[in-house]
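A quick note: this is a predicted structure, and the numbers were derived from the prediction, not measured.
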Amino acid sequence: MKIKEMLLVPLSVVSLIACSNNKINNEDRDAMQILEEKREYYEELDRKKEKEAKGYQVEMTAEEAETEKEKLANMTEDEKFKYKVDKAKEKIDNMLDIAKKARQEEIDVEETKNQVEEALKNITEEK
């Protein structure tokens, strides 16, 4: 009889522990899902930023620089001026696009932060 009692006590303790650890409510799951989605979102942003950074790091090759120099040599002063203004405008437009993307990222981050805070608030209020 003592052997059976000695075996039942640890078995009952282990079963209680196993059952108590499996309680995850829907709010916890929702909060965890939001956090996982945001983690993936930020990883994707990091990949995009790396691609953009690589694009800006690459300067003109020697052949492109030579072709550019030849173009400018064959142009009149007015054409050179217009060409340089157009190139500058293109660079400014690229910078504005980057600034717009950065602002949109800030807005997205703020919205996500609010969602996570709301989910955490709901979780803590119910417990």
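Atom CD in E40 sits 12.5 Å away from atom CG in L45 (nearest 0.5 Å). The distance from atom OH of Y83 to atom NZ of K71, rounded to the nearest 0.5 Å, is 4.5 Å. Annotation: the span from K80 atom NZ to K84 atom NZ amounts to 7.0 Å, rounded to 0.5 Å. Interatomic distance, K121 NZ to I123 CD1, rounded to the nearest 0.5 Å: 13.0 Å. With values rounded to the nearest 0.5 angstrom, E117 atom CD is found 11.5 Å from I34 atom CD1.
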Item to complete: Would you please test D108 and Q104 for side chain to side chain donor-acceptor pair (under 3.5 Å) and show each step?
Response: CA-CA 6 Å; D108 292 343; Q104 186 60 44; 3.1 Å; yes
Item to complete: Starting from the C-alpha separation in whole Å, work towards a yes-or-no answer on salt bridge (Lys or Arg N to Asp or Glu O under 4.0 Å) for D97 and K101.
Response: CA-CA 6 Å; D97 287 341; K101 288 177 185 176; over 6 Å; no
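The local environment of CZ in F81 is sparse, with at most 12 non-hydrogen atoms from other residues, nucleotides or ligands closer than 6.0 Å.
Ion pairing of E43 with R39 is present here, as a side-chain N (NZ or NE/NH1/NH2) and a carboxylate O approach within less than 4.0 Å. A salt bridge links R103 and E106; the closest N-O separation between the charged side-chain nitrogens and carboxylate oxygens is under 4.0 Å. Salt bridge status for K82 with D86: absent, with no side-chain N to carboxylate O gap under 4.0 Å. Between R47 and E44 there is a salt bridge, with a side-chain nitrogen of the basic residue lying less than 4.0 Å from a carboxylate oxygen of the acidic one.
In this model, no donor atom of one side chain and acceptor atom of the other lie less than 3.5 Å apart for N74 and E70.
Side-chain contact between K49 and E105 is present, with at least one heavy-atom pair separated by less than 4.5 Å. Within the 4.5 Å cutoff, the side chain of E37 has no heavy atoms near those of the Q115 side chain.
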